[in-house]
Amino acid sequence: MKILLCSEGTERSRNAIQLCLRIASATKSEVTIFGIIEVESDEIQLLEALRQTQHAFLAEGVNVEILSKHGDPISEIAKRAVEGNYDLIVIGGEAKPGGQISVLSQKAYEIIELLVRPVLVVPVPRPDIRRILICSGGATYIEAAIKLVIGLARDLNASVTLFTVLPEASVMISDRIEPEVDVETLLASNSVLGHNLRSEKAMIEAAGVSAEVRVRSGLVDVEIAAEIESGDYDLVVLGSKPSRDVFSNYLLGNMTRRLVNWVSRPVLVVASEIPDQRPRSWLERITGRTAQG
């Protein structure tokens, strides 16, 4: 695996550096430590910080190189990620519980949205990964995330929990009114959700990784937060499906953006596909005409 570790050469990059080192060492990955500064005069200080980080990786037997650039961080990271064809991008983050918007997390989300490839945001210290939570809606777009997580979990000796939130469990599973979600009933059902969760669990277990399925009923963000805390997970994984419909994105809200902002855990976002055309505007959506037409 090829990893691009993005660093500002400051203290707030430390969490991302430590977790990236753990992952790279376990997975025998090649790492590029990419330093970005917006002011060219800071380059000497940045290079010194990058060299210190490089020594730490070399000491663990990780194949590593350092690169530095000055300019806009988001555009430079996006350009380098494409040029180097990296499998994973690792960046720092800043969790802001209570709904506050973090400038650093906003940049992290913009990178996620622009790259459309696996991005690991590390807002807090988590030097080891033993428990991984995959937030699955039971749709097929989560498969790309599962395939990546399988390799990580196997090398890190971690367990995986597939987690989904049902707004109305009884409607999804049967005609009976049930106050609690029965996971076994859901997995044994003929529903699309049950079938997909069974397939995802089987895929993980076939790779020799321990897997379980957990289901909650209620508001998605509230239940995800409750599950993260109760399970004390080390890594939260989200699947992302690029949409051509910007109106629907606005209407439904963007759960990925919210989670990256306030989850006090490392968050891995894995896109399912690269969109083959730009998003449609609301006017194009209702008229069926393109901007050029």
Side-chain angles (χ1 to χ4, degrees), residues 3 5-7 11-27 88-113 117-137 142 144-146 148-165 204 209-216 218-240 254-271:
I3 300 176
L5 169 61
C6 304
S7 172
E11 185 65 25
R12 64 184 183 184
S13 297
R14 182 177 297 275
N15 296 330
I17 291 170
Q18 290 178 342
L19 186 55
C20 181
L21 177 56
R22 175 72 182 95
I23 292 173
S25 178
T27 59
L88 177 65
I89 318 299
V90 181
I91 58 179
E94 185 178 7
K96 288 285 187 180
Q100 301 179 54
I101 298 176
S102 160
V103 174
L104 189 59
S105 291
Q106 174 64 25
K107 288 184 178 180
Y109 183 79
E110 289 180 24
I111 291 170
I112 291 169
E113 197 172 45
R117 64 183 62 208
V119 178
L120 174 60
V121 184
V122 189
V124 294
R126 211 72 184 187
D128 211 355
I129 302 294
R130 294 298 181 191
R131 290 176 56 79
I132 301 175
L133 181 71
I134 300 179
C135 297
S136 170
I142 199 68
I146 291 175
L148 178 59
V149 168
I150 284 174
L152 291 175
R154 189 170 51 221
D155 292 335
L156 292 166
N157 194 27
S159 63
V160 174
T161 297
L162 287 164
F163 175 69
T164 193
V165 179
I204 296 169
V209 176
S210 174
E212 69 169 329
V213 176
R214 289 185 56 78
V215 183
R216 288 177 179 265
L219 296 175
V220 175
D221 52 353
V222 172
E223 297 306 327
I224 289 176
E227 180 63 27
I228 290 171
E229 292 302 322
S230 66
D232 193 27
Y233 297 95
D234 302 297
L235 176 65
V236 178
V237 181
L238 308 172
S240 173
N254 196 307
M255 187 57 61
T256 302
R257 183 189 294 269
R258 294 167 67 182
L259 289 172
V260 167
N261 190 60
W262 57 254
V263 168
S264 57
R265 296 290 192 279
V267 177
L268 173 62
V269 182
V270 183

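Annotation for V236 and R265: closest pair CG2-CB, 4.1 Å, computed over non-hydrogen atoms. Contact between V165 and G218 at its shortest, heavy atoms only, is CG1-O, 3.3 Å. Annotation for I89 and C6: closest pair CG2-SG, 4.0 Å, computed over non-hydrogen atoms. Of all the heavy atoms in S7 and I17, the pair that sits closest is OG-CD1, 4.2 Å. Contact between I204 and A211 at its shortest, heavy atoms only, is CG2-CB, 3.7 Å. Of all the heavy atoms in V237 and A145, the pair that sits closest is CG1-CB, 3.9 Å.
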If you apply the rule side-chain contact (heavy atoms from CB on, under 4.5 Å), what do you find for R130 with L156, and how did you get there?
CA-CA 7 Å; R130 294 298 181 191; L156 292 166; 5.6 Å; no
Tell me, with the steps shown, if L19 and I129 meet side-chain contact (heavy atoms from CB on, under 4.5 Å).
CA-CA 8 Å; L19 186 55; I129 302 294; 3.7 Å; yes
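Looking at heavy atoms from C-beta onward, P125 lies out of side-chain contact with R14 at the 4.5 angstrom threshold.
Scored by the salt bridge (Lys or Arg N to Asp or Glu O under 4.0 Å) test, E223 finds R216 as partners (sequence neighbours excluded). Looking at residues two or more places apart in sequence or on another chain, you find no side-chain hydrogen bond (donor to acceptor under 3.5 Å, both in side chains) involving N15. Residues that satisfy the side-chain contact (heavy atoms from CB on, under 4.5 Å) test with S159, not counting sequence neighbours, are R131, S210. In this structure, the side-chain hydrogen bond (donor to acceptor under 3.5 Å, both in side chains) partners of E212, at least two apart in sequence or on a different chain, are T161. Contacts of T27 classified as side-chain hydrogen bond (donor to acceptor under 3.5 Å, both in side chains), with partners at least two apart in sequence or in another chain: S29. Partners of L148 under the side-chain contact (heavy atoms from CB on, under 4.5 Å) rule, at least two apart in sequence or in another chain, are M1, P118, L152, L268, V270. Partners of R154 under the salt bridge (Lys or Arg N to Asp or Glu O under 4.0 Å) rule, at least two apart in sequence or in another chain, do not exist in this structure. In this structure, the salt bridge (Lys or Arg N to Asp or Glu O under 4.0 Å) partners of R22, at least two apart in sequence or on a different chain, are D128.
In this structure, CD1 in I146 is found 12.0 Å from CD1 in I132, a value given to the nearest 0.5 Å. Put simply, CG on L5 and CG on L88 are 9.5 Å apart, with the number rounded to the nearest 0.5 Å.
A side-chain donor-acceptor contact under 3.5 Å links T164 to the backbone of S136.
With respect to L120, the side chain to side chain contact (heavy atoms under 4.5 Å, CB included) criterion is satisfied by exactly one of V269, V267, L235: L235.
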